[in-house]
Structure formats: structure tokens, C-alpha cells
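Below you'll find the structure, written out as C-alpha cells, and then a few comments.
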Amino acid sequence: VGGTSVEAIVDDLAVARTDDAGRFEIPSIGAARLVGVLADGHAPSLAIDVSDRSRARIDLRVALSAAGAPVEGRVVDEDGAPVAGAAVLIDAMESEAPPVAAPLLRTRTDATGRYRFRSVRAGARRLCALAPGHANGRLTIDVGRAPVSGAKITLPRGARIGGRVTDVDGRAVAGAIVYAARRRWWSPPDARHAVVARTNARGEYELDGVTPGAVWLTVEAGARGRFQ
């Protein structure tokens, strides 16, 4: 596949393009651990692990088999105002395993709240948008071979939870992980599913952007244990 964008996943930077024969070369991948490929009309490739530095040269063969199309839209708040700098991700549907190409499946909104994915796998896809001070917004779309435009994601107003973590003697517990989620998790989930913070030296924490409603509040305090 010629003219594709081959990305070494360091700050989502595209570092090479294929020639007419589909060949590419990345002179140096630095601290990158994953390489992926984007191409018009194709779904993003899975991420390829290139963390093995024992070889001077790594030869890769990337097969692009599934169809895909670009997706673009806007992220707004409940008042319809654009949300700049929001992270937008393609989330796995419940029937699918989580994608291994996460860096290829995320972008950020510009100053006008607009975002664009160059390539998204065809089928039902769920978009997830995240921004500080807002609860997460989600939107399910159907991707075919034609470009998808106007996919608007609305971010609800988020609630704020603050408090303090102490031991049984009332001493502050610093560095504990505190997170709020709509269901129980047995390890800290990523930002799509929970709002996460660490306690400061005084044991204080603040969770901003929690989806209103009933939530599980969990504290992970290392050797001191877990509390829900």
C-alpha cells in the first residue's frame, strides 16, 4: 500500500511514508515501543511491538485487510460551546476485545472543538470524549466506506468529589490512588471508565469531572490495602 502514513508512536507523530511499493524506513525510533500504520480506505493496523533493541534492524510486514473511513465531528458542552483540547478515542464495543492500536485511535479537538480521525475500522464504533471538568461523553456511530462527518459528542457537566484518606489512627495516607467509577474495578481503570487522582502529603484528593449519579469510590493504598 503506497503513500500511507507509518507512525512510530511517540507523541502520535507520523515519521515516515511508504513508497509506491509499500516500503518504508524509520531511521530511528528512539524510545518508541509501538509502530502502527494508517492508510486511507483501510482500518488502522494493530500496534506492533518494537521494544526489542537486541537487533540493529527490525523488519516488519504490516497487513492492512479491513476497510475503514475517516470520521470527523465536534465536541461541545451542554450549552453547545466548543470544548478545545478534549481527548477523543475510539472505544471497543462490548462484543470486542480492546484494540491494541490505541495510539492510532485517539486524537484531540482543536480550538473550535473539532476533531478528525483519518481512518476508523468499518462497523459500529463508539466514540468517547474526555476533558477536565466534564463528565465523559459517548456517541455510537456506524462507519462504512464513506466518510463520516458531523459526529457531535456532548460532554455533560461533571461533579466534583473531594476528601481525605487517613489510617485508623487519623494519620494522612499520602500517594494513595483514589478513583470514582460507575461499577467496581479490581485495578485502576483508564480515563474512559473512571476519574483517578492521588492523595497529596496531607492525604487529600480531588476528583473533577465525575459523571453524576451513584459511583463506586475506591482507594488503593498499597500495603495498607484497598477500600471501596
Side-chain angles (χ1 to χ4, degrees), residues 34 47 73-81 83-109 113 115 117 120-121 123-141 151-228:
L34 300 174
R74 296 178 69 221
V75 176
V76 299
D77 64 19
E78 288 186 330
D79 298 322
V83 179
V88 186
L89 307 92
I90 305 293
D91 205 357
M93 303 298 284
E94 285 81 355
S95 59
E96 299 178 319
V100 192
L104 300 178
L105 300 177
R106 69 175 182 234
T107 188
R108 285 194 177 274
T109 57
Y115 67 89
F117 290 97
V120 175
R121 186 184 181 93
R125 299 289 154 224
R126 184 170 55 198
L127 304 178
C128 179
L130 308 85
H134 299 272
N136 295 351
R138 287 180 169 82
L139 176 69
T140 299
I141 59 173
K152 185 173 74 172
I153 308 172
T154 300
L155 298 184
R157 291 183 178 87
R160 182 174 296 177
I161 301 174
R164 188 166 180 258
V165 178
T166 67
D167 63 16
V168 293
D169 297 317
R171 292 188 294 261
V173 177
I177 300 173
V178 184
Y179 54 95
R182 299 303 294 271
R183 68 176 180 85
R184 276 184 166 181
W185 290 84
W186 299 109
S187 61
D190 64 32
R192 293 172 298 172
H193 306 293
V195 180
V196 185
R198 278 190 180 272
T199 56
N200 61 21
R202 297 183 296 275
E204 298 165 340
Y205 67 89
E206 185 172 287
L207 302 170
D208 191 11
V210 178
T211 300
V215 297
W216 284 93
L217 191 64
T218 303
V219 178
E220 301 267 6
R224 298 174 185 269
R226 149 197 286 266
F227 307 89
Q228 287 188 320

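Residues: numbered from 1 along the sequence shown.
Partner of Ile153 under the side-chain contact (heavy atoms from CB on, under 4.5 Å) criterion, out of Ile141, Val88, Thr109, Asn136: Val88 alone.
Residues Arg157 and Asp79 form a side-chain contact, since some pair of their non-hydrogen atoms from C-beta on lies under 4.5 Å apart. For the pair Ile161 and Val215, the minimum side-chain heavy-atom distance is below 4.5 Å. Side-chain contact between Ile90 and Phe117: present, with at least one pair of heavy atoms (C-beta onward) separated by less than 4.5 Å.
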Original post:
Step by step, would you call Val196 with Ile177 a side-chain contact (heavy atoms from CB on, under 4.5 Å)?
Top reply: CA-CA 7 Å; Val196 185; Ile177 300 173; 3.7 Å; yes
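Of the possible donor and acceptor atoms, none in the side chain of Asp169 sits under 3.5 Å from a partner among the backbone N and O of Arg171. In this structure, the side chain of Thr199 engages the main chain of Gly175 through a donor-acceptor pair within 3.5 Å. The closest donor-acceptor contact from the side chain of Arg182 to the backbone of Ala214 lies under 3.5 Å. At distances below 3.5 Å, not a single donor-acceptor pair connects side-chain atoms of Arg226 with backbone N or O atoms of Glu220. A donor-acceptor contact shorter than 3.5 Å links the side chain of Arg164 to the backbone of Arg202.
The two residues Lys152 and Leu139 come nearest to each other via the heavy atoms O-CD2, 3.4 Å. In plain terms, the two heavy atoms of Ala86 and Val75 that are nearest each other are CB-CG1, 4.2 Å. Here the shortest heavy-atom pairing between Leu155 and Gly137 reads CD2-N, 3.3 Å. Taking each heavy atom of Tyr115 and Ala151 in turn, the nearest pair found is OH-O, 2.7 Å. Of all heavy-atom pairs spanning Arg125 and Val120, the tightest one is CG-CG1, 3.8 Å. Across every non-hydrogen atom of Val173 and Ala221, the tightest pair is CG1-CB, 4.3 Å.
Here His193 contributes atom NE2 and Leu130 contributes atom CG; the two are 9.5 Å apart, rounded to the nearest 0.5 Å. To the nearest 0.5 angstrom, Leu127 atom CG is 15.5 Å from Arg106 atom CZ. The OG1 atom of Thr218 sits 3.5 Å away from the CD atom of Gln228 when rounded to the nearest 0.5 Å.
Geometrically, Arg184 does not engage Trp186 in a cation-pi contact, judged by NZ or CZ lying under 6.0 Å from the ring centre and within 45° of the ring axis.
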